[in-house]
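Just so it is clear, the structure is predicted and the values come from calculations on it, not from any experiment. Throughout, numbering of the chain's residues begins at 1 and tracks the sequence.
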Amino acid sequence: MNASPNKQLVETYLDGFRTNDHQKILSCLTEDIRWTVFGHFYLTGKDAYADAIEGPGWVGPPRLDVVRMVEEGDTVMAELSGWAPQESGEPVRMSMAEVFVIRDGKIAERRAWVIPLSENEHR
């Protein structure tokens with residue numbers, strides 16, 4: 001079964017992060033994008049987003065595995081697991097929930113919950 005256009009958009013966006021392709025990421029976003037990572041930051045606008053794509057201390061693209069993706073109307077929710085390399089040499093492992101609100105074929109809002117994992121896949 002083929003993925004919907006909204007799910008395809010989210011996959012393209014995630015592929016941009018996986019390959020560190022800033023242009024691919026930004027091409028998926030509206031000019032007035034809103035990005036919240038709860039407990040960390042909130043920003044608006046594509047320019048601010050471009051400046052925040054690579055977090056402080058991160059060196060290279062993350063690995064992002066989709067556990068599941070669901071869609072309702074203009075909203076796609078993705079459960080992800082992954083890791084990201086850091087300057088310290090130790091990658092950060094994490095579990096993530098991401099909500100993408102789509103408007104006119106672009107991501108207009110991204111809300112994320114990112115939980116670092118230090119012991120196993122649950123803690």
Fill in: Residue list, side-chain contact (heavy atoms from CB on, under 4.5 Å) with Ser27, at least two apart or on another chain
none
Worksheet item: Should we say atom CG of Asp74 is surrounded by more than 12 heavy atoms from elsewhere, each under 6.0 Å from it?
Response: yes
Discussion item. Which heavy atom of Leu117 sits nearest to which heavy atom of His122, and what is that distance?
Written reply: CD2-C, 3.9 Å
Worksheet item: CG/Leu43 to CG/Asp51 distance, rounded to the nearest 0.5 angstrom?
Response: 9.0 Å
Distance-only donor-acceptor hits, side chain of residues 93-104, under 3.5 Å, sequence neighbours excluded:
{"unit_1": "Arg93", "atom_1": "NH1", "unit_2": "Asn120", "atom_2": "O", "d": "3.4"}
{"unit_1": "Arg93", "atom_1": "NH2", "unit_2": "Asn120", "atom_2": "O", "d": "3.2"}
{"unit_1": "Glu98", "atom_1": "OE1", "unit_2": "Arg110", "atom_2": "NE", "d": "2.5"}
{"unit_1": "Glu98", "atom_1": "OE1", "unit_2": "Arg110", "atom_2": "NH2", "d": "3.1"}
{"unit_1": "Glu98", "atom_1": "OE2", "unit_2": "Arg110", "atom_2": "NH2", "d": "2.9"}
{"unit_1": "Arg103", "atom_1": "NH2", "unit_2": "Asp32", "atom_2": "OD1", "d": "2.6"}
{"unit_1": "Arg103", "atom_1": "NH2", "unit_2": "Asp32", "atom_2": "OD2", "d": "3.2"}

Discussion item. Within the 4.5 Å heavy-atom criterion, are Met69 and Val10 side-chain neighbours or not?
Written reply: yes
Discussion item. Do Ile107 and Ile33 have side chains that approach each other closer than 4.5 Å (heavy atoms only, starting at C-beta)?
Written reply: yes
Practice prompt. Pick out which of Tyr49, Tyr42, Tyr13 makes a ring-ring contact (aromatic ring centres under 6.0 Å, His included) with Trp35.
Written response: Tyr49
Worksheet item: Looking only at heavy atoms, what is the nearest atom pair of Leu26 and Ala50, with distance?
Response: CD1-CB, 3.9 Å
Worksheet entry | Residue pair Leu80 / Asp65, side-chain heavy-atom distance below 4.5 Å | no
Worksheet item: Just wondering, do Glu72 and Met77 contact through their side chains at under 4.5 Å, heavy atoms?
Response: no
Fill in: Hphob cluster co-occupancy, Ile115 + Val37, side-chain heavy atoms under 4.5 angstrom
no
Discussion item. Checking the side chain of Arg18 only, and the main-chain atoms of Pro61 only, is there a donor and an acceptor separated by less than 3.5 Å?
Written reply: no
Worksheet entry | Lys46 NZ to Leu29 CG distance, which is reported to the nearest 0.5 Å | 6.0 Å
Item to complete: Decide yes or no for Phe38 and Val114: does some side-chain heavy atom of the first lie under 4.5 Å from some side-chain heavy atom of the second?
Response: no
Discussion item. Under the side-chain hydrogen bond (donor to acceptor under 3.5 Å, both in side chains) definition, can you give me all pairs with a residue in residues 76-92, not counting sequence neighbours?
Written reply: Arg68-Glu79
Worksheet item: What closest approach, in Å, do Asp21 and Lys24 show between heavy atoms, and which atom pair accounts for it?
Response: OD1-N, 2.9 Å
Response to the item:
Between Ala108 and Thr30, the two heavy atoms sitting closest are CA-OG1, 3.4 Å
Worksheet entry | Enclosure of Arg63 CZ (heavy-atom neighbours >12, cutoff 6.0 Å) | no
